[in-house]
Q: 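Shown below is the structure under consideration.
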2 protein chains.
Amino acid sequence: MPDGAATRTKGGPLGRRGRRVLIRPRGAGAISGETRQRILDVALDLFVEQGYDKTSLREIAERVGVTKAALYYHFQSKEDIVTTLHMPVHELMHSAMARLGDSTGPGSWLDFLDWLIEQLAAHSRLFLMYQRNATAIGEVHRKDHGGPEVEPEQLFLQRLADPALSLDERVRMAGSLAVVVSGAALAMQPGTPAPDPAELAATLRVAVRDLLRVGQPSA
Amino acid sequence: MPDGAATRTKGGPLGRRGRRVLIRPRGAGAISGETRQRILDVALDLFVEQGYDKTSLREIAERVGVTKAALYYHFQSKEDIVTTLHMPVHELMHSAMARLGDSTGPGSWLDFLDWLIEQLAAHSRLFLMYQRNATAIGEVHRKDHGGPEVEPEQLFLQRLADPALSLDERVRMAGSLAVVVSGAALAMQPGTPAPDPAELAATLRVAVRDLLRVGQPSA
DNA sequence: GTCTATAATGTGATAGAC
DNA sequence: GTCTATCACATTATAGAC
């Protein structure tokens, strides 16, 4: 059975659902990068909704309105799609580690959180995708990078394993990170109106300070 | 190709890896419930390690030392396995909602968190499994229970959608829940020694109070 | 209770025409 | 850049012998 025969009439028109107004007909050479971006958009939606593993290429292709084979023109593999989406977050985490440097303890941790809160608004949806597919993404990118554990997320937790830290400090540091992440998820909760990003960020900054028991933000 | 031919010598002995000392030989009728429990143990390990979706029945059967068909004697389906594992957590969440009742606001929320912290120690591994497979488990059990969204986890978030709550309250309530969950994950961080459960619980109780800005625990 | 063998289906991925 | 058609493979699940 051909690719989309189950869901599309054999010779029918291409644009389904009216999800998009086409400037020029599909199949005669689309604008550069346009389809690629739509694939990423659709994939992000599905990965967030139902997870990376449960989302098939057939499903992505269907929603975009192309065949699976077209996906393989734009991306080398399914993993390539999720890797491309995750890249900004990955780089963000990576440079966050660089910021943290070798210092430990709540002080530099707070700086890191402030910076993370700032970045979060711009990438909240990608962060959410990572949060909901952390294990899957972790394994994908462990398979690529040969090494055992290069995911920055894990590095954060390794920081907390520092024996110089008390249990109380560990709980509050890990907890404050969780607060920030939950704040990002809260911002995109369906059914509730999205809060003002600046107000949310300010609220988060105060909240993590309460949890880490340090002074209020300087700004 | 027969089931385990790739990993087990055709006529070889049954017990592999010496993972378990057998009182009496396998295949002559095992002790009631023994294999079933081992299946659950192995499945829990794998679901936590690499996720529900990426774990196949073949893999579970291999580690247990039986064939896939044997799994189907003990469980109706793969979903049945994960549902059985998730059941205690599900019931816990459910009764937590009953405890919360109709009241909103940080007051009853704190009571709920105290209770959750208490329960967490006894079920930390199952909670971790849920946390890492929330989307998968959610969909599995939505498929069973016909209804659209009966998962208690979602109900917690619906509480936070109450328009009577300020953004600050929402952030702190969602955040405090995240702190408790992260505390459970912290307790089982590989590589670091497991903290004393009672001490961890006490630390969490104080931490969530700092975040919710209420007094210290009465106990 | 466990096995062998197989069914039924879906998946990621590729070849080659247009 | 997208299509049709197909491949090779893994998966969940079942049937029936022992």
Side-chain angles (χ1 to χ4, degrees), chain A residues 1-15 22 24-39 43 46 50-62 64-83 136 140 143, chain B residues 1-15 22 24-39 43 46 50-62 64-83 136 140 143:
Chain A
M1 185 190 283
D3 245 346
T7 54
R8 180 194 296 174
T9 308
K10 196 84 178 199
L14 283 169
L22 293 173
R24 50 165 144 166
R26 208 83 56 65
I31 301 169
S32 162
E34 205 232 356
T35 300
R36 181 185 160 95
Q37 189 55 50
R38 297 216 350 269
I39 292 172
L46 290 173
Q50 53 190 354
Y52 171 76
D53 291 296
K54 281 230 169 12
T55 302
S56 67
L57 293 177
R58 176 188 57 75
E59 205 170 355
I60 296 174
E62 235 169 64
V64 173
V66 297
T67 59
K68 275 189 295 175
L71 264 48
Y72 278 94
Y73 172 82
H74 294 280
F75 297 93
Q76 289 188 351
S77 64
K78 186 186 177 185
E79 297 189 351
D80 189 23
I81 297 178
V82 77
T83 297
V140 160
K143 206 170 65 178
Chain B
M1 182 191 288
D3 244 347
T7 53
R8 180 194 298 174
T9 310
K10 194 84 179 202
L14 283 170
L22 294 174
R24 49 166 146 164
R26 209 82 59 65
I31 301 169
S32 162
E34 205 232 356
T35 301
R36 181 185 160 95
Q37 189 54 50
R38 298 216 350 269
I39 293 172
L46 291 172
Q50 54 188 353
Y52 171 75
D53 291 297
K54 280 232 171 6
T55 301
S56 66
L57 293 178
R58 176 188 57 74
E59 206 171 354
I60 296 173
E62 239 169 60
V64 174
V66 297
T67 60
K68 279 187 292 176
L71 263 50
Y72 278 95
Y73 172 82
H74 292 281
F75 297 93
Q76 290 188 352
S77 64
K78 186 186 177 185
E79 296 189 351
D80 188 22
I81 297 177
V82 78
T83 296
V140 159
K143 206 170 65 178

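A note on names: the letters A, B, ... follow the listed sequences, proteins ahead of strands, and every chain is numbered from 1.
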Q: Hey, does the side chain of Tyr73(B) come within less than 4.0 Å of dG1(C)'s phosphate (OP1/OP2), counting only N and O?
A: yes

Q: Given atom CD of Glu62(A) and atom C1' of dT11(C), what is their separation to the nearest angstrom?
A: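 To the nearest whole Å, that distance equals 14 Å.
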
Q: Without decimals, in angstroms, what is the distance between Asp53(A) CG and dG10(C) P?
A: 18 Å

Q: If you find the nucleotide of DNA chain C closest to His74(B) and the one closest to Thr55(A), which residue's nucleotide is nearer the 5' end?
A: His74(B)

Q: With respect to the side chain of Lys78(A), which nucleotide from dG12(C), dT12(D), dG1(D) is positioned closest?
A: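 The closest nucleotide is dG12(C).
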
Q: From dT2(D), dA15(D), dA15(C), pick the nucleotide closest to the side chain of Ala69(B)?
A: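 Looking only at heavy atoms from C-beta outward on Ala69(B), the closest nucleotide is dA15(D).
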
Q: So, does Tyr72(A) get its side chain near the phosphate of dT14(C), meaning an N or O under 4.0 Å from OP1 or OP2?
A: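 False: Tyr72(A) side-chain N/O out of range (4.0 Å or more) of dT14(C) OP1/OP2.
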
Q: Taking side chain as C-beta onward, heavy atoms only, is Leu57(A) less than 4.5 Å from Tyr72(A)?
A: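 Yes, side chains in contact.
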
Q: Establish, with yes or no, whether the OP1 or OP2 oxygen of dC3(C) is under 4.0 angstrom from a side-chain nitrogen or oxygen of Thr67(B).
A: yes

Q: Got a second to check how far Ile81(B)'s CD1 is from Arg36(B)'s CZ, nearest 0.5 Å?
A: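 Ile81(B) atom CD1 to Arg36(B) atom CZ measures 9.5 Å (nearest 0.5 Å).
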
Q: State plainly whether the residues Lys54(B) and Glu59(B) are in salt-bridge range, i.e. N to O under 4.0 Å.
A: no

Q: Can you figure out which of dT12(D), dT2(D), dA13(C) approaches the side chain of Leu57(B) most closely?
A: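 Output: dT12(D).
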
Q: Taking only side-chain nitrogens and oxygens of Thr35(B), does any of them come within less than 4.0 Å of OP1 or OP2 of dG1(C)?
A: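 No, outside the criterion.
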
Q: Report the distance from atom CZ of Phe75(B) to atom P of dT2(C), rounded to the nearest whole Å.
A: 12 Å

Q: Rounded to the nearest angstrom, tell me the gap between atom OH in Tyr52(B) and atom C1' in dT11(D).
A: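 Interatomic distance, OH of Tyr52(B) to C1' of dT11(D): 12 Å.
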
Q: Rounded to whole angstrom units, what separation is found between the NZ atom of Lys68(A) and the C1' atom of dA15(C)?
A: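 Rounding to the nearest Å, NZ of Lys68(A) and C1' of dA15(C) are 14 Å apart.
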
Q: Taking CG from Leu71(B) and P from dT4(C), how many angstroms apart are they, rounded to a whole number?
A: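 Rounded to the whole Å, the gap is 14 Å.
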
Q: Under 3.5 Å, is there a donor-acceptor pair between the side chain of Lys78(A) and the main chain of Tyr52(A)?
A: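 Such a contact is found between Lys78(A) side chain and Tyr52(A) backbone.
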
Q: Does Arg58(A) have a side-chain nitrogen or oxygen under 4.0 Å from the phosphate oxygens OP1 or OP2 of dG12(C)?
A: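 Answer no for this pair, as no side-chain N or O of Arg58(A) is under 4.0 Å from OP1 or OP2.
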
Q: Under 4.0 Å: is that the gap between some side-chain N or O of Ser56(A) and OP1 or OP2 of dG10(C)?
A: no

Q: Using whole Å, what does the distance between atom C1' of nucleotide dA13(C) and atom CD1 of Ile60(A) come to?
A: 14 Å

Q: When rounded to the nearest 0.5 angstrom, what distance separates CG in Leu71(B) from CZ in Arg58(B)?
A: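 If I round to the nearest 0.5 Å, the distance is 12.5 Å.
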
